[in-house]
Amino acid sequence: MRVSKSFIPTVKETPGEAEIPSHKLMLRSGLMRKVASGFYEYLPLGQRVILKVMQIIRGEMERAGAQEVLMPIMTPAELWQETGRWQKYGKELMRVKDRHERDYALGPTHEEVVTDLVRRELKSYKQLPMNLFQIATKFRDEVRPRFGVMRSREFLMKDGYSFDVDDAACDKTYWAMFEAYKRIFKRCGLLCSPVEADSGLIGGSFTHEFMVLAESGEAAIALCEACGYAANMEKAVGVPTPPAVSQAASEAYASVETPGKHTVEHVSELLKLPPRQFIKTLVFIADGKPVAVLVRGDHEVNEVKVQNALGATELVLAPAEKVMEVTGAPVGFAGPVGLKGVKVLADNALKDGHDYVTGALAKDKHLVHVEIGRDCPAPWYNDFRSVVTGDGCPKCGKPLKTGRGIEVGQTFKLGTKYSKAMKCVYLGEDGKDHETVMGCYGIGVTRTVGAAIEQYNDADGILWPISIAPYQVHLLLLNPADPEVAKAADQCYEDLKKAGYEVLYDDRLDATAGFKFKDADLLGMPLSVRVGARGLKEGVLEVKRRREKEPVKVPLARVLDKVREMAGEEWKLCTP
RNA sequence: CGGGGCGUAGCGCAGCGGUAGCGCACUUGGUUUGGGACCAAGGGGUCGUGAGUUCAAAUCUCACCGCCCCGACCA
């Protein structure tokens, strides 16, 4: 493609609306433009990247035995009512009415639609397994769209759904999809790790999120570099650092004055005892009932874990008045000793410690030398806290790291949740009806593009992995006014195309060499070939990898070889 | 939905009661051409919308709309 004939509106200055690198660069490099908050137009370069990601996904899904279909974006309300999600999905579900006032939802995901399709066609176990996917536009009316394509209201998603005869068969499909996902992201050139994630209240199911590590990621994760364990913070388990005191206190607990000190930090300073020796007591309201959760002073309560353990549908931190009512003291002085009428949960990390400091259930007072079990009833121990840096890996014990990630895909074993609600059954060998066991598998296509940029950029622009780069080679004509140079560049363009490369040829007459270099860095094609009068005098062109600082001078006749060699290096980075 | 910020030329911004500005981009001509060239001449605006205050509003007041950030939320 000749730049002179193409629609690639690059801009020098970053539009004010963009905050994170991928968003800034997608606008600056002319990949997309915004129509309204959360809605974007993808321009030719952006669309090429999207198509490449889609092709990789298609290839791997088919390789793993899934078949592509296309379902409607607009879906009848009745289907959503069958599973209760017409209500449950809330405002995020975009709803529209047709001229007859019938309700529809613009699909945010397609479990209902695909399950309806399959139940209508599925008769016998002989038709299973069935694994269908589509790549289509999805709508989610996000409360706060942000970061460009990272959280938009309309986006491209690959969504796949599998139907199996039983749990074991579903597991097999699940792991096949899991492997396919690893290959997909690797082929896109992404460093991506599957992490265990919270599966909410759906019992017996499990799920993995595929995370691209990036500062700007919205999800917090914990990972072990030693053994590869990785989990979403909602789910991650850590081996706590040892307790401050491992010997039981010999003396009875005693009250100390701690006027105005209502945080662990402040009391810790006052008493000159480490936060690890504290019991932090938080009061929550779970489905209307107060519960107290105890964690060590250097730990934080993980609300998702508490909620799951209680089986509660709603969990909120208790307001100050409620804390007063339950503990008889203002916020900051709660403790387990003498606490009555409340269910008490304690994090496992408290189990091995002794001689704790805790709130005294009275204003400006704390207790020291507290022994759980001696001074208060033994609470319900479980994992109720979030992993912190320094915790040990639950698998290998090495230190865990915490970081942030962008969720580009998720695999989910659904079980019979939808097949039961929608009666998606098949006739088994035994002559009886059985519910299908389902899995669902999503990939945010547009988000994957953003994540790639998030992972690969520098001060000058994007560094595309070759597998998803809009073009593989960026050819720069540096002296367009010089007929010799122009001729050589034209020839090079033809040669590269003939050799099978996708070439973006900057043949513009009105742009200076410097301008073209800047554009090339911004656009980020993995390889560039520079044709200039300077080099031509010596009979050479310059070939450069975007990731390298300096170009390599190559004799005219050897340019194709050099490009092939460098392209080969780039492809290695995208090969599973 | 709560808190904060911003809407002035395509983009980035200044102006903050008295004639609408700057840089980049764009058009034309000329000189240039290896890291976002230079000179000259141009084109482009109901200052987000609507009310109000005032002799006079981009500027002050109110309402609405839009956009961005933090939070809540995210099968």
Side-chain angles (χ1 to χ4, degrees), chain A residues 9-20 23-24 27-28 30 33-39 80 83-93 105 107-112 138 140-148 150-153 157 159 161 197-202 205 207 209 216 218-219 232 234 303-304 314 316-317 407 410-415 417-418 421 438 440-442 444 447 459-461 476-482 485-486 506 508-523 528 530-537 541-542 544 549-551 553:
Chain A
T10 59
V11 287
K12 190 155 75 172
E13 284 179 282
T14 306
E17 70 193 55
E19 201 73 16
I20 63 169
H23 192 194
K24 287 178 181 171
L27 294 171
R28 281 194 58 208
R33 287 291 183 261
K34 186 181 72 186
V35 182
S37 178
F39 296 101
W80 297 87
T83 58
R85 286 213 289 186
W86 183 256
Q87 300 301 327
K88 258 189 268 169
Y89 220 109
K91 286 187 173 174
E92 209 170 298
L93 189 64
T109 174
H110 275 66
E111 284 84 3
E112 282 82 356
K138 292 282 181 286
R140 290 186 190 180
D141 199 356
E142 295 284 348
V143 272
R144 182 146 89 88
R146 58 181 140 176
F147 302 145
M150 291 308 177
R151 188 162 291 273
S152 54
R153 291 193 282 174
M157 180 165 132
D159 49 324
Y161 308 89
D198 174 59
S199 57
L201 293 169
I202 306 161
S205 300
T207 175
E209 292 172 343
S216 61
E218 291 188 84
N232 190 301
E234 291 171 353
E303 296 186 25
V304 175
E314 192 194 40
V316 287
L317 202 56
E407 184 194 333
Q410 182 165 24
T411 51
F412 205 113
K413 192 177 157 196
L414 291 170
K417 183 183 173 178
Y418 291 91
M438 293 173 58
C440 76
Y441 319 94
R447 187 185 276 186
D460 296 314
L476 309 184
L477 166 56
L478 300 180
N479 314 97
D482 184 330
V485 182
D506 197 343
R508 286 175 294 181
L509 300 174
D510 56 353
T512 61
F515 197 97
K516 290 179 180 180
F517 289 139
K518 289 288 186 189
D519 253 6
D521 286 342
L522 176 62
L523 295 180
S528 63
R530 293 109 188 271
V531 187
R534 220 179 261 184
L536 225 48
K537 237 178 266 171
L541 302 187
E542 286 161 22
K544 182 179 172 295
K549 197 121 190 80
E550 297 299 326
K553 289 183 182 175

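Chain letters run A, B, ... following the sequence lines, proteins first, then strands; residues in each count from 1. Because the structure is a prediction, the values reported are computed rather than measured.
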request  = Could you tell me whether Y418(A) contacts a base, only the sugar-phosphate backbone, or nothing, with contacts defined as non-hydrogen atoms closer than 4.0 Å?
outcome  = nothing
key: Rounded distance (nearest 0.5 Å) linking atom CE of M150(A) with atom CD of E142(A)   = 13.5 Å
request  = Take L27(A) and T14(A), measure what side chain to side chain contact (heavy atoms under 4.5 Å, CB included) needs, and give me the verdict at the end.
outcome  = CA-CA 8 Å; L27(A) 294 171; T14(A) 306; over 6 Å; no
ask   = For the atom pair CZ (F412(A)) and NZ (K417(A)), what is the distance rounded to the nearest 0.5 Å?
value = 7.0 Å
key: Gap in Å between the two P atoms, one belonging to C73(B) and one to G52(B), rounded   = 44 Å
query = Paired with G44(B) by Watson-Crick or G-U wobble geometry, both distances under 3.5 Å: which nucleotide is it?
reply = none
ask   = Which part of the nucleic acid does E542(A) contact within heavy-atom distance under 4.0 Å: base, sugar-phosphate only, or nothing?
value = base
message = With rounding to the closest Å, how many angstrom separate the P atoms on G48(B) and C6(B)?
response = 13 Å
request  = Kindly point out which of C70(B), G36(B), C74(B) is positioned nearest to the side chain of R151(A)?
outcome  = C74(B)
inquiry  = By nearest atom, which of the nucleotides A75(B), C68(B), C73(B) is closest to the K34(A) side chain?
reply    = C68(B)
key: Ring-on-base stacking G35(B) with F517(A) (under 5.5 Å, under 30°)   = yes
note = Side-chain atoms of R146(A) come closest, of G36(B), G71(B), U33(B), to G71(B)
query = Going by modelled atom types, is there a donor-acceptor pair between the base of G23(B) and the side chain of E13(A) at under 3.5 Å?
reply = yes
task = Name the residue closer to the 5' end of RNA chain B, choosing between P15(A) and E111(A) according to the nucleotide with the nearest heavy atom.
result = P15(A)
query = Hey, does G16(A) reach any base, or is it just sugar-phosphate, or nothing, if we go heavy atoms under 4.0 Å?
reply = sugar-phosphate
request  = Would you indicate what Q410(A) reaches in the nucleic acid, counting non-hydrogen atoms under 4.0 angstrom: base, sugar-phosphate, or nothing?
outcome  = base
inquiry  = Heavy atoms only, 4.0 Å cut-off, all strands: where does D482(A) land among base, sugar-phosphate and nothing?
reply    = nothing
ask   = Between F515(A) (CZ) and C38(B) (P), how many Å, whole number?
value = 13 Å
query = Using the P atom in both, what is the distance from A20(B) to G12(B), to the nearest Å?
reply = 24 Å
inquiry  = Using atom P in both nucleotides, what's the gap between G21(B) and A58(B) to the nearest angstrom?
reply    = 13 Å
message = Looking only at the side chain of L478(A) (C-beta and beyond, no hydrogens), which of the listed nucleotides G12(B), G34(B), C74(B) gets closest?
response = G34(B)
key: Identified side chain to side chain donor-acceptor pair (under 3.5 Å) partner of R508(A) from the options D506(A), T512(A), D510(A)   = D506(A)
request  = Have a look at K88(A) and say if it touches a base, only the backbone sugar-phosphate, or nothing, with a 4.0 Å heavy-atom cut-off.
outcome  = nothing
inquiry  = Regarding R28(A), tell me which of base, sugar-phosphate or nothing describes its non-hydrogen contacts under 4.0 Å with the strands shown.
reply    = base
inquiry  = Checking contacts here: which listed nucleotide (U33(B), A75(B), C69(B)) is nearest the side-chain heavy atoms of R140(A)?
reply    = A75(B)
query = Between CG of D159(A) and CD of E111(A), what distance do you get to the nearest 0.5 Å?
reply = 8.0 Å
query = Would a 4.5 Å heavy-atom cut-off, applied to side chains only, mark T109(A) and R140(A) as touching?
reply = yes
request  = Under 4.0 Å between any heavy atoms, over every strand shown, what does S37(A) touch: base, sugar-phosphate, or nothing? Just pick one.
outcome  = sugar-phosphate
message = If I pick the P atom on G36(B) and the same atom on G30(B), what distance separates them, to the nearest angstrom?
response = 25 Å
ask   = Can you check whether R144(A) has a side-chain N or O nearer than 4.0 Å to OP1 or OP2 of C69(B)?
value = yes
query = Which nucleotide, C67(B), G34(B), C69(B), lies nearest any side-chain atom of A513(A)?
reply = G34(B)
inquiry  = If I pick the C1' atom on G15(B) and the same atom on C22(B), what distance separates them, to the nearest angstrom?
reply    = 10 Å
message = Suppose you measure atom C1' in C70(B) against the same atom in G34(B); what distance do you get, rounded to whole Å?
response = 45 Å
request  = For the side chain of T512(A), starting at C-beta, report the closest nucleotide among C67(B), U33(B), C70(B).
outcome  = U33(B)
request  = Mind checking the CG-CG spacing from L476(A) to L541(A)? Nearest 0.5 Å is all I need.
outcome  = 11.0 Å
request  = Could you check how far CG of D510(A) sits from P of A37(B), rounded to whole Å?
outcome  = 12 Å
query = K24(A) NZ to C69(B) P: how many Å, rounded?
reply = 11 Å
query = If you check the R534(A) side chain, which of C70(B), C68(B), G34(B) turns out closest?
reply = G34(B)
ask   = OG/S528(A) to CG/L523(A) distance, rounded to the nearest 0.5 angstrom?
value = 11.0 Å
ask   = When the nearest nucleotide of RNA chain B is assigned to G532(A) and to R153(A) on a heavy-atom basis, which residue is associated with the more 5' position?
value = G532(A)
message = Side chain of Y89(A) only, heavy atoms from C-beta on: which candidate in A75(B), A72(B), C68(B) is closest?
response = A75(B)
query = For the side chain of R530(A), counting heavy atoms from C-beta on, which of A75(B), G35(B), C67(B) is nearest?
reply = G35(B)
note = K91(A) atom NZ is separated from C73(B) atom P, nearest whole Å, by 15 Å
inquiry  = Work out how far the P atom of C68(B) is from that of G50(B), and round it to whole angstrom.
reply    = 23 Å
